[in-house]
**Q** 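Supplied in structure tokens, the structure appears directly below.
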Amino acid sequence: MPDVGRYFRDGRLTAMPRRWRDRVAVARYVASSVLPELLEPIGERELTRRLAAVVDDPVAMRRALVDLGLVQRARDGSVYWRGERTEHDDTPEDPRDVARSDVGHSAGTHLPADPHGDERHTPHGGFHTER
């Protein structure tokens, strides 16, 4: 992964990289920074507030994080969570944390399907259907 530090000054993103690989690396860093806990549900306003502390256009970054599969959201867009570990996460001390962190680590990073249908569980207890 590219060094993302060169795109930040004083904790803020100064410019979005041009290369796709670098853009993804920056997005992975931002996702880990603003949502440090895996599967922690957070409201849309709080996520936008946290992103605003790091980027100039928090709404565009929120959309990018969802589009890249780094952050998932409830169907109504009211709750967001990060479901994928990144290289920017601390290594967990407890082996049980590793097992929990692997939830949603597949390419789509979605939680396991409900055995009674194709709806996906969300961490806040609701459901949403994949697009």
**Q** Should Gln72 and Val66 count as side-chain neighbours, where that means a heavy-atom distance under 4.5 Å?
**A**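 When only atoms from C-beta onward are counted, Val66 and Gln72 do not touch, as no gap falls below 4.5 Å.
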
**Q** So Glu37 and Ile42, side-chain contact (heavy atoms from CB on, under 4.5 Å) or not? Walk me through it.
**A** CA-CA 10 Å; Glu37 298 294 325; Ile42 184 172; over 6 Å; no

**Q** About how many Å separate CG of Leu65 and CG of Leu35, when rounded to the nearest 0.5 Å?
**A**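 That separation rounds to 8.0 Å.
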
**Q** Which heavy-atom pair separates Ala31 from Val71 by the least distance, and what is that distance?
**A**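 Looking at all heavy atoms of both residues, the shortest contact is CB-CG2, 4.4 Å.
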
**Q** Distance check, rounded to the nearest 0.5 Å: Leu47 atom CG versus Tyr80 atom OH?
**A**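 Rounded to the nearest 0.5 Å, the CG-OH separation comes out at 7.0 Å.
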
**Q** Just by modelled atom types, is the Glu84 backbone N or O under 3.5 Å from a matching donor or acceptor in the Arg82 side chain?
**A**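 Yes, because the side chain of Arg82 sits within donor-acceptor range (under 3.5 Å) of the backbone of Glu84.
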
**Q** Got a second to check how far Leu68's CG is from Arg63's CZ, nearest 0.5 Å?
**A**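 Atom-to-atom, Leu68:CG and Arg63:CZ are 13.5 Å apart.
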
**Q** Please name all residues satisfying side-chain hydrogen bond (donor to acceptor under 3.5 Å, both in side chains) with Glu46, sequence neighbours left out, ordered by chain then number.
**A**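 side-chain hydrogen bond (donor to acceptor under 3.5 Å, both in side chains) list for Glu46, sorted by chain: Arg49, Arg50.
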
**Q** Could you pull out the closest heavy-atom pair between Arg28 and Arg85, with the gap in Å?
**A**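 Minimum heavy-atom contact is NH2-O, 3.7 Å.
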
**Q** Gly83 and Leu39: which non-hydrogen atoms are nearest, and at how many Å?
**A**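 Smallest heavy-atom distance, with atoms named: CA-CD2, 4.0 Å.
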
**Q** Calculate, to the nearest 0.5 Å, the distance between atoms CG and CE belonging to Leu70 and Met61 respectively.
**A**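 It is 10.0 Å, given to the nearest 0.5 Å.
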
**Q** Is there a side-chain contact between Arg62 and Arg73 in this structure, where contact means two heavy atoms from C-beta onward sitting under 4.5 Å apart?
**A**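 Side-chain contact under 4.5 Å: no.
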
**Q** Decide side-chain contact (heavy atoms from CB on, under 4.5 Å) for Val26 and Met16; before the verdict, give the C-alpha distance in whole Å, the side-chain angles of both, and the deciding distance to 0.1 Å.
**A** CA-CA 8 Å; Val26 165; Met16 197 61 169; 4.1 Å; yes

**Q** Name the atoms and distances for all side-chain donor-acceptor pairs under 3.5 Å in residues 7-14, with sequence neighbours left out.
**A**
from: Tyr7; atom 1: OH; to: Asp22; atom 2: OD2; distance (Å): 3.0
from: Arg12; atom 1: NH1; to: Ala52; atom 2: O; distance (Å): 2.7
from: Arg12; atom 1: NH1; to: Ala53; atom 2: O; distance (Å): 3.0
from: Arg12; atom 1: NH2; to: Val55; atom 2: O; distance (Å): 3.2
from: Arg12; atom 1: NH2; to: Asp56; atom 2: OD1; distance (Å): 2.7
from: Thr14; atom 1: OG1; to: Tyr7; atom 2: O; distance (Å): 3.0

**Q** CG of Leu38 to OG of Ser32: how many Å apart, nearest 0.5 Å?
**A**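 If I round to the nearest 0.5 Å, the distance is 8.0 Å.
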
